[in-house]
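A quick write-up on the structure given underneath.
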Amino acid sequence: EAGVAQSPRYKIIEKRQSVAFWCNPISGHATLYWYQQILGQGPKLLIQFQNNGVVDDSQLPKDRFSAERLKGVDSTLKIQPAKLEDSAVYLCASSLVSHGPIYEQYFGPGTRLTVT
Amino acid sequence: DAKTTQPTSMDCAEGRAANLPCNHSTISGNEYVYWYRQIHSQGPQYIIHGLKNNETNEMASLIITEDRKSSTLILPHATLRDTAVYYCIVREYTDKLIFGTGTRLQVFP
């Protein structure tokens, strides 16, 4: 079974530039998540999709971050304009269901973003 | 905020059991205990979860105290590949995962 795919793996941009990350979840997984992981911290949920609808985006800085999952499969996370504090690893995850005790999220390898 | 407290780091000799503790003194009756780990430069990986009873799978064992205020993840025979950050997470099954800073386990030869 193919895992969660993400690209690019690394990205270096200057502040005020824009950047986009792509994620392809595991086939059949209805729920997709984007996390931000700052160095030395655990991942923080930015946004959760159920199919192509947003379930939770309470932690997404909406003035500069946007995400979409138009066809309910792959997803794009965009930052515009980037700030120095956006330097982090951006992780995508997917799960078969969004709740229940048997609840396992599968994570991709992440995109490491450096803003200079 | 994370509802768990874990030691910042631990060491373990290869081949020995690694016992990773987690305190969750405010856990409620509907909340499960989950463990994930994150190997360097990879995304987190699910290990195991439990509610009340002890659980075991091919990766690890989870021991939950009777009052459910703490738990221990046991890797019975640690290998160098088990070097990672281990996250203990408490959640109700409708909640999102909230990661703390975890325990950095270093397995040495």
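Within every chain, numbering begins at 1; the chains are lettered A, B, ... in the order of the sequence lines, protein sequences first and strands thereafter. The structure displayed is predicted, hence computed values, not measured ones.
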So for atom [atom1], which belongs to [X], do other residues, nucleotides or ligands contribute more than 12 heavy atoms lying within a distance under 6.0 Å?
X       : atom1 : answer
A:Leu84 : CG    : yes
A:Ile12 : CD1   : no
B:Arg68 : CZ    : yes
A:Lys62 : NZ    : yes
B:Arg16 : CZ    : no

request  = Go through the atoms of A:Gln6 and report whether side chain, backbone, both or neither lie under 4.5 Å from a heavy atom of chain B.
outcome  =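 Neither; nothing under 4.5 Å.
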Let me confirm one number: the [atom1]-[atom2] distance from [X] to [Y], rounded to the nearest 0.5 Å.
X        : Y        : atom1 : atom2 : value
A:Glu104 : B:Ile47  : CD    : CD1   : 10.5 Å
B:Ile98  : A:Gln59  : CD1   : CD    : 8.0 Å
B:Leu97  : A:Gln105 : CG    : CD    : 4.5 Å

Cluster question for you: counting only ILVMFWY and a side-chain heavy-atom cut-off of under 4.5 Å, with indirect links fine, are [X] and [Y] together?
X       : Y       : value
B:Val90 : B:Leu20 : yes
B:Met10 : B:Leu73 : yes
A:Leu46 : A:Ile38 : no
A:Phe65 : A:Ile47 : yes
B:Met59 : B:Ile48 : yes

ask   = Do you know the tightest heavy-atom contact between A:Leu91 and B:Pro44?
value =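 Taking A:Leu91 first and B:Pro44 second, the nearest heavy atoms are CD1-CD, 3.9 Å.
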task = May I ask you to list the residues in residues 77-87 of chain B that approach chain A closer than 4.5 angstrom, counting heavy atoms only, ordered by number?
result =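 The residues closer than 4.5 Å to chain A, in numerical order, are B:Tyr87.
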key: Audit row: B:Phe99, A:Tyr35, side chain to side chain contact (heavy atoms under 4.5 Å, CB included) steps and yes/no   = CA-CA 11 Å; B:Phe99 291 83; A:Tyr35 288 84; 4.0 Å; yes
task = Take A:Tyr33 and B:Lys96 through the test side chain to side chain contact (heavy atoms under 4.5 Å, CB included) and record every step on the way to the result.
result = CA-CA 10 Å; A:Tyr33 314 80; B:Lys96 56 192 174 189; over 6 Å; no
ask   = Are the side chains of A:Phe107 and B:Tyr36 in touch, meaning some heavy atoms are under 4.5 Å apart?
value =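 Side-chain contact under 4.5 Å: yes.
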